[in-house]
Amino acid sequence: MRKTAVNICRIILAMTFILSGFVKAVDPLGTQYKIHDYLAAMGLAQYSPDILTLAASVLLSTVEFILGICLLFAIRRRLVSRIVLWVMIAMTLITLWLAWTDPIHDCGCFGDALVLTNWQTLWKNVVLLIAAIIVWKWPTLQPRLISASNQWIVVNYSVVFILFFIAGRSLYTLPQFDFRPYHIGANLREGWQRMMDGEESPYNDFFIERAEDGEDITEQVLNDEGYTFLLVAPHLEQADDSRLDQVNLMYEYCQDNGYPFYCLTASTEKAINRWCEMTGAEYPFCQTDDITLKTVIRSNPGLLLLKDGTVIRKWSHNALPSEEELTKPLEESALGRQPGNSTTSKILWILTWFVLPLLVLTLADRLWAWTKWLRRKPQKGNSNNPINNISNMRKKIVAGNWKMNMNLQDGIALAKELNETLKADKPNCGVVICTPFIHLASIAQFLDQDIIGLGAENCADKEKGAFTGEVSAEMVKSTGAQYVILGHSERREYYKETPEILKEKVLLAQKNDLKVIFCIGESLEEREAGKQNEVVKAELEGSVFNLSEEDFRKIVIAYEPIWAIGTGKTATAEQAEEIHAYIRSIIAEKYGQAVADDTTILYGGSCKASNAPELFAKPDIDGGLIGGASLKAADFKGIIDAWKK
Ligand code: PEP
């Protein structure tokens with residue numbers, strides 16, 4: 001139920017963020033104008049140069065789009081859900097202010113694609129905020145669509161796509177999807193006539209006044225049944241003048257073929273004169289409303305071709321028709337016809353270059369994960385003690401940690417009972433018991449070490465000498481033991497074993513051919529502060545990431561959240577899997593994916609026969625390090641049998 005709720009919320013948020021980021025990126029200039037409107041409403045417009053507002057527009061659309069993609073693929077679930085929550089809190093507060101004071105009538109959250117009133121936007125954001133809270137509360141209930149190791153491909157591909165192929169391309173040419181009333185195919189004459197008849201129409205501020213005498217020629221232009229070119233330059237002072245030769249060429253072409261050509265601008269007479277002097281422009285100038293011109297075409301200057309009052313072509317100044325295209329009159333040229341169904345072809349382009357590659361990647365990733373799982377599956381039936389297996393492949397292990405329990409007689413009795421039980425019913429995994437030092441030599445005498453490995457719970461950080469009470473790695477090895485637990489939280493906490501001491505112990509253990517079960521894990525306070533990843537990373541870096549790849553391959557990691565050890569509190573299978581996957585990912589960063597894939601990572605902390613099957617079913621959990629439940633043969637056997645389920 002909770003999982004369903006989280007995932008419904010996540011999909012709603014993902015789709016909204018993707019749509020909102022996409023429509024903003026499709027029209028970066030439109031988003032920039034909207035940002036400018038907000039700044040003006042706050043009295044900050046004069047402090048925000050155009051270049052900054054444009055950068056903010058591109059950044060905003062990219063961030064929204066990527067957050068949506070991360071939500072959809074469940075990438076970096078904790079971090080992303082936290083960011084989304086903060087974004088939604090900020091957005092809801094802004095829209096509350098908008099709804100209350102109404103300084104801007106359209107919030108612009110979906111560009112021109114979907115225009116909402118301020119109150120509609122506020123309610124939409126309240127719903128999304130609730131969804132963001134639900135996802136933030138249980139981020140790990142979102143199933144990943146792609147494995148952690150391949151997530152970077154999705155993120156980087158999406159950034160490149162939205163930044164260069166959508167926003168960049170729209171800026172260089174024109175928005176690939178035009179949601180404004182002046183899109184190709186729009187009949188301006190009809191719309192304008194409706195407005196003149198007093199009906200609802202988006203063309204209220206559309207007028208064309210000749211600059212020289214102020215005469216309104218809107219009707220004349222819109223009623224012309226032939227072709228008319230409109231060069232649209234809201235502000236000539238800021239217009240791009242790099243392709244003016246081409247504009248002049250267009251004008252000559254129009255004169256040769258008898259097509260009217262007007263430059264529509266909101267600039268002053270002085271600016272028009274300066275423009276004519278600078279560019280040699282001879283075409284007539286007309287005055288039009290500044291905002292209308294910015295809405296007509298997202299390019300300064302841009303070119304519009306009307307036929308019979310309908311927009312049939314639009315060009316940015318970067319993509320004006322070439323000289324070769326202007327050899328024939330428009331009646332005989334493709335330039336004079338409305339392009340075919342460009343919306344369908346643009347959607348197909350997006351499907352081909354964005355949706356399809358991500359779909360293929362996701363399927364390949366799932367297939368890879370599945371084959372990996374298949375390859376690993378038979379190992380669950382490996383009944384040999386892993387230490388005797390020369391291959392470095394990842395092992396399934398259940399290891400017992402007796403701690404300071406059992407006198408010699410009781411310990412021997414327990415080891416014998418376990419030995420007989422597992423000889424009679426062979427385990428599907430490697431089994432190890434780690435006992436107090438004094439038991440080792442006696443137990444080693446009768447233990448069938450093909451079935452059960454034997455290990456110590458500690459060893460000294462010195463090779464030998466005057467260290468009263470200590471037991472060296474060499475001594476452990478001489479008892480017949482093959483394993484040693486190092487870095488257990490009880491030793492770190494009660495005996496102040498630092499990362500440096502543990503580093504020494506690991507080196508000495510390996511020097512004496514002992515296989516190290518190296519424990520890491522965070523305290524309750526660290527978990528509550530969300531620092532678990534930091535903690536385990538530091539513990540690995542402090543004591544085992546100094547090893548060569550060959551030596552690291554001999555290490556078994558045991559992740560033991562301190563708050564779960566001996567407390568009866570187990571990490572949920574999802575919590576454990578998440579951090580195991582993280583541990584594997586940092587091993588991959590350090591030693592490469594192959595080593596990470598081969599590293600055995602055990603879970604420890606109140607693991608019992610009842611919860612072991614769920615924990616061991618997780619792809620990154622390779623078994624358990626068992627404390628309390630390893631002190632009774634039946635309990636321990638129950639956990640070992642989890643690998644048979
Ligand atoms: C341990 O101390 O290694 C341990 C996992 O203990 P328990 O299973 O008792 O929580």
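Whatever order the structure lists them in is the order used to number ligands and atoms, beginning at 1. Values reported hereafter were calculated over all heavy atoms of this structure, with side chains retained and with hydrogens, waters and symmetry mates removed.
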ask   = Do Leu625 and ligand 1 have an N or O pair less than 3.5 Å apart?
value = no

query = Considering only the protein, which heavy-atom contact is closest to atom 2 (O) of ligand 1, and what is its distance?
reply = Lys403 NZ, 2.5 Å

Ligand-residue contact atoms, ligand 1 with Ala564, heavy atoms, under 4.0 Å = 10 (O)

Over all atoms of both residues, closest heavy-atom pair of Tyr157 and Phe354 = CE2-CD1, 3.9 Å

ask   = With a 4.0 Å cut-off, would you call Asp425 and Lys637 a salt bridge?
value = yes

request  = Any atoms of ligand 1 less than 4.0 Å from a non-hydrogen atom of Gly604? List them with their elements.
outcome  = 5 (C)

query = For atom 3 (O) of ligand 1, what's the nearest protein heavy atom and its distance?
reply = Glu560 OE2, 2.6 Å

request  = Answer yes when Lys511 and Glu463 have at least one side-chain N-carboxylate O distance shorter than 4.0 Å, and no when they do not.
outcome  = yes

message = I need the atoms of ligand 1 closer than 4.0 Å to a non-hydrogen atom of Gly605, numbered in the order shown.
response = 5 (C), 10 (O)

ask   = Does Gln575 reach the main-chain N or O of Thr572 with its side chain, forming a donor-acceptor pair under 3.5 Å?
value = yes

remark   = If you compare Gly624, Gly566, Cys519 by their heavy atoms, the one closest to atom 10 (O) of ligand 1 turns out to be Gly566

inquiry  = Is it the case that ligand 1 has an N or O less than 3.5 angstrom from some N or O of Gly628?
reply    = yes

key: Sub-3.5 Å N/O-N/O distance, Thr567 and ligand 1   = no

query = Which pair of non-hydrogen atoms, one from Ala576 and one from Tyr603, has the smallest distance, and what is that distance?
reply = CB-CD1, 4.0 Å

ask   = Closer than 4.0 angstrom: is that true for some heavy atom of His488 and an atom of ligand 1?
value = yes

ask   = How about Asp448 and Asn419: does a side-chain donor come under 3.5 Å of a side-chain acceptor?
value = no

request  = Answer with side chain, backbone, both or neither: which part of Ile565 has a heavy atom less than 4.0 angstrom from an atom of ligand 1?
outcome  = both

inquiry  = So that I can tick it off, tell me whether Glu420 and Lys416 are bridged by a salt bridge, with the cut-off set at under 4.0 angstrom between side-chain N and carboxylate O.
reply    = no

key: Carboxylate-amine/guanidinium proximity below 4.0 Å for Arg492 and Glu497   = no

query = Can a salt bridge be assigned to the pair Asp622 and Arg584 using a cut-off of 4.0 Å between side-chain N and carboxylate O?
reply = yes

query = Where's the contact between Ala558 and ligand 1, heavy-atom distance under 4.0 Å: side chain, backbone, both or neither?
reply = neither

request  = List the closest protein heavy-atom neighbour of atom 8 (O) of ligand 1: residue, atom name, distance to the nearest 0.1 Å.
outcome  = Gly627 N, 2.9 Å

